[in-house]
S.K.: 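Quick one: this structure, given as C-alpha cells, is what I'll be asking you about.
Count residues from 1 along the sequence. Whatever order the structure lists them in is the order used to number ligands and atoms, beginning at 1.
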Amino acid sequence: MLKIESITKLQQHVRHLRRASKVIGFVPTMGAIHEGHCSLMRAGRAECDELIASIFVNPTQFCPGEDYAKYPRPLERDLAACEAEGVDTVFCPDADEMYPAGSATTVSVSGLTDGLCGAYRPGHFDGVTTIVAKLFNIVQPDIAYFGQKDAQQAAVIRRMVRDLIWPIKIVICPTIREPDGLAISSRNAYLTPEQRKQALSLYAALEYARRQIQAGRLKVADLTAEMRQRIEAAGPCSIDYIEIIDAHELIPKNTVQGRCLIALAVRIGKSRLIDNIEVDAGTSKS
Ligand code: AMP
C-alpha cells in the first residue's frame with residue numbers, strides 16, 4: 001500500500017492510473033477508521049481497479065468549540081486498517097498541504113445545507129464541500145463512496161457533483177451499526193458506559209417511528225414528539241433536532257409521504273450523535 005502525503009505526488013500517481021485506464025475508487029475519511037469506513041472500502045474494492053482512501057481531519061468542517069483538537073488521530077492503526085481492506089493508496093496530507101496560506105475559495109451548496117445539521121453547525125457543510133471538492137480534483141475518482149449515516153452530507157455531495165458536472169458516480173453505503181443498533185461513529189468513543197447504553201434510545205426511537213409509520217400513523221408532529229419523549233426518558237441529553245423529511249430534497253413534511261428520512265441529532269455527554277433511517281410511506285398499511 002502506498003502512503004502519500006503530498007498533493008503533487010498523488011497527482012502524478014493519478015496521472016499514471018488514468019493513462020492506464022484504471023477505474024479509480026475513492027473513500028474520503030477523517031481517520032479513526034471503524035467498520036463504517038471499512039464497509040465503504042469493501043464496496044470500493046469490489047468494483048474498482050485502484051482504491052484510494054484519504055485520512056484528513058478537516059479543520060474547516062469543525063465549528064468553534066467543537067472537537068477538532070481532540071478528534072482521534074490513530075494514524076498507524078488507521079493505515080493498518082486500510083491495508084487490511086485492500087486499499088492501494090492512502091492520502092494523508094497535513095492541514096497546510098490542503099489549505100496553504102492565502103486559501104480564499106469556498107465551495108458552498110445552498111438550500112440543502114440550511115436545515116438539520118446545517119442549522120446547528122454553521123459553516124460545517126461549506127467545510128465539507130470545500131475539502132471534498134479539493135480531494136475530488138486531486139484524486140479524480142470514477143466512483144466515490146459515502147455513508148448513509150451522514151445522510152445530509154451524502155445529499156449535499158450528490159448535489160455538488162451534479163451541479164459542477166463532475167463525471168463521478170457517488171455511491172451511498174448503508175449505515176453500519178453495532179450489534180445492539182448504535183450507529184458506529186468515532187464520536188461513540190467519548191461516551192461513558194452509561195451514556196453508551198443511553199445512546200441506544202436513538203436507534204430505538206427511529207425504529208419506533210418506522211413501525212408507527214408502517215402501521216399507518218403519518219402525522220409528523222405526533223411521531224417526532226413521541227420520539228423526543230422516548231429519547232429524553234432514557235437519560236440527560238440535549239436534542240438538536242428530530243425530523244421527518246423528504247429523502248431527496250430534505251424538506252420538512254407535515255405528513256409522512258413517499259420516501260422519507262427520519263433523522264436526529266442528540267448530544268449525550270461530550271458526544272453529538274447523529275442517526276437516521278429511511279422509510280417508504282408508500283409501503284405503509286394505512
Ligand atoms: P468520517 O471519517 O466520519 O468523515 O466518515 C467518512 C465516511 O464514512 C463518510 O462517508 C461517513 O458517512 C462514513 N461513515 C461513518 N460512519 C459510518 C457508519 N456507521 N456506517 C457507514 N458509513 C459510515
S.K.: Hey, is R230 close enough to E226 for a salt bridge, meaning N to O under 4.0 Å?
M.R.: no
S.K.: Under a 4.0 Å N-O cut-off, is there an ion pair linking K149 with D275?
M.R.: no
S.K.: Identify the protein heavy atom lying closest to atom 4 (O) of ligand 1, giving its residue, its atom name and the separation to 0.1 Å.
M.R.: M30 CG, 3.6 Å
S.K.: Select the closest option to atom 19 (N) of ligand 1 among I184, L182, V57, I131, judged by heavy-atom distance.
M.R.: I184
S.K.: Between R18 and D142, does any side-chain N to carboxylate O distance fall below 4.0 Å?
M.R.: yes
S.K.: Taking both backbone and side-chain atoms of F146, is any N or O found less than 3.5 Å from an N or O belonging to ligand 1?
M.R.: no
S.K.: Please state which part of A154 comes within less than 4.0 Å of ligand 1, counting heavy atoms only: side chain, backbone, both or neither.
M.R.: neither
S.K.: Does at least one non-hydrogen atom of A32 fall below 4.0 angstrom from an atom of ligand 1?
M.R.: no
S.K.: Any heavy-atom pair between the side chains of R121 and C63 that's under 4.5 Å?
M.R.: yes
S.K.: Which of the atoms in ligand 1, numbered in the order shown and given with their element, are less than 4.0 Å from a heavy-atom of T175?
M.R.: 20 (N), 21 (C)
S.K.: Can you find an N/O atom of I176 closer than 3.5 Å to an N/O atom of ligand 1?
M.R.: yes
S.K.: Test your reading of the structure: does S185 have an N or O sitting under 3.5 Å from an N or O of ligand 1?
M.R.: no
S.K.: If you count the atoms of ligand 1 from 1 in the order shown, which ones are under 4.0 Å from a heavy atom of K149?
M.R.: 16 (N), 17 (C), 18 (C)
S.K.: Enumerate the atoms of ligand 1 whose separation from the nearest heavy atom of P28 is less than 4.0 angstrom.
M.R.: 6 (C), 7 (C)
S.K.: Tell me the contacting part of H34 for ligand 1: side chain, backbone, both, or neither, using a 4.0 Å heavy-atom threshold, strictly below.
M.R.: side chain
S.K.: Kindly determine whether R272 and V266 satisfy side chain to side chain contact (heavy atoms under 4.5 Å, CB included), including the steps that lead there.
M.R.: CA-CA 6 Å; R272 181 179 185 278; V266 178; over 6 Å; no
S.K.: Do the ring planes of Y241 and Y120 sit parallel (below 30°), tilted (30 to 60°) or perpendicular (above 60°)?
M.R.: tilted
S.K.: Do me a favour and list the nearest non-hydrogen protein atom to atom 9 (C) of ligand 1 with residue, atom name and distance?
M.R.: Q153 NE2, 3.8 Å
S.K.: If you measure from the Lys or Arg side-chain nitrogens to the Asp or Glu carboxylate oxygens, is any gap between E278 and R259 under 4.0 Å?
M.R.: yes
S.K.: If you round to the nearest 0.5 Å, how far is NZ of K22 from CG of D88?
M.R.: 9.5 Å
S.K.: Which residue holds the protein heavy atom closest to atom 14 (N) of ligand 1, what is that atom called, and what is the gap in Å?
M.R.: D150 OD2, 4.2 Å
S.K.: Check ligand 1 against T29 and write out every atom of the ligand that is under 4.0 Å from a heavy-atom position of the residue.
M.R.: 2 (O), 6 (C)
S.K.: Counting only nitrogen or oxygen atoms and a 3.5 angstrom limit, does L40 reach ligand 1?
M.R.: no
S.K.: Please answer: with hydrophobic residues joined when any side-chain heavy atoms are less than 4.5 Å apart, are V90 and L51 in the same cluster?
M.R.: yes
S.K.: Between D67 and R187, is the closest basic N to carboxylate O distance under 4.0 Å?
M.R.: yes
S.K.: Considering only non-hydrogen protein atoms, determine which one is nearest to atom 21 (C) of ligand 1 and report residue, atom name and distance to 0.1 Å.
M.R.: P174 O, 3.4 Å
S.K.: N/O to N/O below 3.5 Å, does that happen between G147 and ligand 1?
M.R.: yes
S.K.: Taking the basic N atoms (NZ, or NE/NH1/NH2) and the acidic carboxylate oxygens, is any pair closer than 4.0 Å for R210 and D280?
M.R.: no
S.K.: Of all the non-hydrogen atoms in the protein, which one sits nearest to atom 1 (P) of ligand 1, and at what distance?
M.R.: H37 NE2, 3.6 Å
